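Small disclaimer: the values here were computed from a predicted structure and weren't measured.
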Amino acid sequence: MAVFQFAHALIRSNRSDVKTGIALLEGLLRRDAEDVPKRDCVFYLAVAHTRSKDYDRALEYVKILASAEQGNRQAQELQSLIERRMNKDGMMGMAILGGGAAAVLGGALIAALLAKK
């Protein structure tokens with residue numbers, strides 16, 4: 001139980017601590033610790049992966065939880081949050097790529113105009 005509590009504290013900390021917390025929670029799942037409910041490990045793994053922006057893994061864990069406990073409102077809300085963040089980060093990524101492409105195109109136009117002069 002102490003390892004679980006430590007991992008739980010780590011996933012609420014900075015990014016490198018979150019990764020350590022993930023490793024501890026996954027270790028608890030693998031060794032099938034009887035003093036810690038698997039449900040809690042799976043839920044906090046989903047939370048930790050969400051915090052580290054590993055949304056695909058987070059969704060995997062939350063879907064496992066949702067399939068085991070249908071109607072679990074906490075899992076449903078977490079899944080919704082993960083999906084919103086995936087969309088938001090995806091849109092931001094597209095905007096960054098689009099902005100980069102526009103800058104390259106603009107630079108090429110400027111270079112072409114200067115070459116003509």
For the atom pair CD (Glu26) and CG (Leu45), what is the distance rounded to the nearest 0.5 Å? 5.5 Å
Quick one: side-chain contact (heavy atoms from CB on, under 4.5 Å) partners of Glu60, sequence neighbours excluded? Arg57
Search all heavy atoms of Ala48 against all heavy atoms of Val18 and return the closest pair with its distance. O-CG1, 3.5 Å
Residue pairs meeting salt bridge (Lys or Arg N to Asp or Glu O under 4.0 Å), one or both in residues 5-14, sequence neighbours left out, come to none
Would you please name every residue forming a salt bridge (Lys or Arg N to Asp or Glu O under 4.0 Å) with Arg39, sequence neighbours left out? Glu69
Of all the heavy-atom pairs spanning Tyr55 and Ile82, show the shortest one and how long it is. O-CG2, 3.9 Å
Are the side chains of Leu59 and Met86 in touch, meaning some heavy atoms are under 4.5 Å apart? yes
Enumerate the ring pair (Phe, Tyr, Trp, His ring centres under 6.0 Å) contacts for residues 56-86, please, sequence neighbours excluded, ordered by first and then second residue. His49-Tyr61
Applying side chain to side chain donor-acceptor pair (under 3.5 Å), can you list everything that pairs with Arg15, at least two apart in sequence or on another chain? none
From Lys38 NZ over to Ile64 CD1, what is the distance, rounded to the nearest 0.5 angstrom? 10.5 Å
Rounded distance (nearest 0.5 Å) linking atom CG of Leu28 with atom CZ of Phe4: 8.0 Å
Who pairs with Asp17 by side chain to side chain donor-acceptor pair (under 3.5 Å), at least two apart in sequence or on another chain? Ser13
Between atom CG of Leu81 and atom OG1 of Thr50, what is the distance when rounded to the nearest 0.5 Å? 6.5 Å
What heavy-atom pair brings Ala58 and Ala46 nearest, and what distance separates the two atoms? CB-O, 3.5 Å
May I have all residue pairs that pass ring pair (Phe, Tyr, Trp, His ring centres under 6.0 Å) and include part of residues 62-85, sequence neighbours excluded? none
Listed by chain and number, what are the side chain to side chain donor-acceptor pair (under 3.5 Å) partners of Ser80, not counting sequence neighbours? Arg84
Taking only residues two or more places apart in sequence or in another chain, which ones pass salt bridge (Lys or Arg N to Asp or Glu O under 4.0 Å) with Arg73? Glu77
Mind checking side chain to side chain donor-acceptor pair (under 3.5 Å) for Asn14 and listing every partner two or more places apart, or none if nothing turns up? Ser16
Are any side-chain N or O atoms of Arg51 and backbone N or O atoms of Ile11, one a donor and one an acceptor, separated by less than 3.5 Å? yes
Those residues that, when tested against Ala75, pass side-chain contact (heavy atoms from CB on, under 4.5 Å) (two or more places apart): Val62, Leu65, Ala66, Asn72
Return the minimal non-hydrogen interatomic distance between Ala7 and Gly21, and the atom names on each side. CB-O, 3.8 Å
Please round to the nearest 0.5 Å and tell me the distance separating atom SG of Cys41 and atom CG of Leu29. 4.5 Å
Output for pair (Gln76 CD, Gln70 CD), nearest 0.5 Å, gives 10.0 Å
